[in-house]
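So you know, we letter chains A, B, ... as the sequences are listed, proteins then strands, and number each from 1.
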Number of protein chains: 2
Amino acid sequence: MARPRSFDPDDVLEIARQVFWQKGFQATSLDEITAASGIAKPSLYAAFGDKHALFLRVLDRYHDGILGWAERVLAQPGPAREAIRQWLTGFIPYCSGEKGQRGCLSINSATDGSLDQAALRKSIERYNRRLEELLRTRLRADRAQFKKGFDPDITAHTVMVVHAGLMALAHQTPDSKQVKAVIEQVMGLLA
Amino acid sequence: MARPRSFDPDDVLEIARQVFWQKGFQATSLDEITAASGIAKPSLYAAFGDKHALFLRVLDRYHDGILGWAERVLAQPGPAREAIRQWLTGFIPYCSGEKGQRGCLSINSATDGSLDQAALRKSIERYNRRLEELLRTRLRADRAQFKKGFDPDITAHTVMVVHAGLMALAHQTPDSKQVKAVIEQVMGLLA
DNA sequence: GCAATTCTATACTTATAAGTACAGAATAAC
DNA sequence: GTTATTCTGTACTTATAAGTATAGAATTGC
């Protein structure tokens with residue numbers, strides 16, 4: 001019943017994501033986020049809690065974005081093979097060239113030994129579990145499209161590994177053609 | 001001509017590696033390294049320079065260890081396929097279970113946005129380049145052992161991607177059987 | 001044994017960054 | 001318009017950690 005918040009929390013999360021993604025959790029100071037967003041620290045603390053809580057919100061948002069997209073792409077009609085190819089190739093802009101340098105926020109966080117917070121680990125685990133579930137479900141459903149002996153569960157995990165590898169190596173700014181070639185070769189396992 | 005150093009620098013690098021590997025560069029304070037090693041800060045600074053320089057030494061050592069092992073394994077006589085399978089399976093203890101939690105020091109460092117130091121990037125790039133070179137050289141040499149149309153260069157890179165993915169996902173402590181299954185499936189690309 | 005030199009330990013300085021107190025500004029309800 | 005309430009901005013406190021000054025200990029060469 002009094003003065004309303006002067007900013008949209010979602011806008012701030014978006015800005016915080018950019019800063020955290022670029023520099024990592026530890027190396028990002030709240031002062032940098034206040035500078036980038038124009039929101040003073042007390043307002044940030046009031047809206048989101050401490051730095052860890054803010055980062056968790058950012059990471060969850062990031063996860064939700066990718067999961068939403070994955071759901072759409074993997075629910076596509078047509079051959080499972082094509083859906084998964086499209087899913088993998090969709091990451092190319094994010095794991096090659098200039099833009100790929102920052103890698104994947106989730107993997108960057110998972111490989112950061114200092115982020116040993118239970119809440120963060122859970123968020124990341126849940127994300128990976130759900131992604132793999134989406135892949136597995138689709139591969140199981142379309143199992144008939146593959147050769148005899150095809151194992152949808154292992155294949156789903158292998159696709160996850162390839163995805164993680166591409167995002168981890170993204171920091172070396174590989175060429176998008178090279179990434180594409182790897183994806184095409186891996187598609188050979190989906191036969 | 002005067003008092004000699006009372007510690008073996010190599011021992012300290014070994015201890016520093018453990019600490020850095022567990023907690024990451026940023027989150028590790030020099031006080032933790034002095035506590036773990038028993039060496040006081042001024043001695044560390046005299047021997048290695050500042051924290052970044054110490055970490056670079058640790059990382060280079062780590063890289064050299066893995067490269068040396070990779071050279072031995074990949075130079076093995078017999079089919080290239082087996083040499084590479086052995087190389088990949090050799091990582092299983094380091095990317096599954098309890099011990100796998102810390103992941104790979106090199107990848108952890110590469111995905112740490114705060115370590116934007118040119119020297120570190122170079123060390124990591126050189127490491128990846130040399131590893132891939134070892135794989136590529138072996139695959140090219142034994143090219144005749146594979147199906148027509150086999151591309152050793154792309155395959156070498158794909159193996160690097162799989163390796164990076166396994167080490168990145170190691171933080172979720174996967175089961176070693178699952179890792180093994182992925183490797184076996186990927187071996188299907190080496191035919 | 002003595003001197004020169006280099007290492008080591010304590011204790012300090014300094015910088016950075018997380019989190020907060022407090023005063024003042026803005027808004028909704030009446 | 002007034003008042004109660006909540007937000008915002010400045011400035012502060014506090015903690016942590018990197019890097020260093022300085023004094024004292026240890027070792028080699030003579």
Side-chain angles (χ1 to χ4, degrees), chain A residues 1-59 108-109 112-120, chain B residues 1-59 108-109 112-120:
Chain A
M1 10 169 136
R3 182 177 177 181
R5 194 164 274 152
S6 70
F7 58 91
D8 181 347
D10 235 45
D11 292 345
V12 175
L13 288 177
E14 181 59 32
I15 289 170
R17 175 169 74 170
Q18 289 171 19
V19 183
F20 277 132
W21 200 349
Q22 196 64 46
K23 308 199 48 174
F25 173 77
Q26 286 269 341
T28 299
S29 71
L30 280 185
D31 288 335
E32 288 174 272
I33 292 180
T34 63
S37 65
I39 310 300
K41 262 192 283 186
S43 301
L44 288 179
Y45 276 84
F48 304 107
D50 68 5
K51 195 184 169 187
H52 275 98
L54 171 61
F55 185 71
L56 187 57
R57 286 284 296 276
V58 166
L59 189 59
N108 294 355
S109 306
D112 185 341
S114 70
L115 289 179
D116 226 357
Q117 302 249 153
L120 284 178
Chain B
M1 14 176 131
R3 182 175 178 181
R5 194 165 272 152
S6 69
F7 58 90
D8 181 347
D10 235 45
D11 293 345
V12 176
L13 288 177
E14 181 59 33
I15 290 171
R17 175 170 74 171
Q18 289 171 19
V19 183
F20 277 133
W21 200 350
Q22 196 64 46
K23 310 198 51 176
F25 173 77
Q26 285 269 340
T28 299
S29 70
L30 280 185
D31 288 335
E32 288 174 272
I33 292 180
T34 63
S37 65
I39 309 298
K41 261 191 285 184
S43 302
L44 289 179
Y45 276 84
F48 304 107
D50 68 5
K51 194 184 171 189
H52 276 97
L54 171 60
F55 185 71
L56 186 58
R57 286 284 296 274
V58 166
L59 189 60
N108 294 356
S109 306
D112 185 342
S114 70
L115 290 180
D116 225 358
Q117 302 248 154
L120 285 177

Inset, instruction - Specify the separation, in whole Å, of atom CZ of B/F25 and atom P of D/dA18. - result: 8 Å
Inset, instruction - Nearest 0.5 Å please: distance from the CG atom of A/N108 over to the CG atom of B/N108. - result: 10.5 Å
Inset, instruction - Round to a whole Å and report the spacing from CG of B/L54 to C1' of D/dG19. - result: 14 Å
Inset, instruction - Starting from C1' on D/dA18, measure out to CZ on B/F20 and report it in whole angstrom. - result: 12 Å
Inset, instruction - Using a 4.0 Å heavy-atom cut-off across all strands, classify A/T34 as base, sugar-phosphate, or nothing. - result: nothing
Inset, instruction - Would you mind reading off the distance between B/I39 atom CD1 and C/dT10 atom P, rounded to a whole angstrom? - result: 13 Å
Legend entry - Short side-chain N/O contact to C/dC7 OP1/OP2 from B/S43, under 4.0 Å: no
Legend entry - Minimum-distance nucleotide to B/P42 side chain [options: D/dA18, D/dT10, D/dT20]: D/dT20
Legend entry - Protein-nucleotide distance (B/R5, atom CZ; C/dT8, atom P), rounded to Å: 7 Å
Inset, instruction - State, to 0.1 Å, how close B/S43 and B/F7 come at their nearest heavy-atom pair, and which atoms those are. - result: CB-CE2, 3.9 Å
Inset, instruction - Ignoring the backbone of B/A40, work out which of D/dT20, C/dA18, C/dA9 is nearest its side chain. - result: C/dA9
Legend entry - Separation of atom CD in B/Q26 from atom P in C/dT16, rounded to whole Å: 14 Å
Legend entry - Shortest non-hydrogen contact from B/I15 toward B/S37: CD1-CA, 3.9 Å
Inset, instruction - Report yes if at least one side-chain N or O of A/K51 is closer than 4.0 Å to OP1 or OP2 of C/dA18; otherwise report no. - result: yes
Legend entry - Atom-pair distance (CD1 on A/I33; C1' on C/dG19), nearest Å: 14 Å
Legend entry - d(CG, A/L44; P, D/dG9) in whole Å: 10 Å
Inset, instruction - Examine the side chains of B/Q26 and B/S114 and answer whether a donor and an acceptor come within less than 3.5 Å of each other. - result: yes
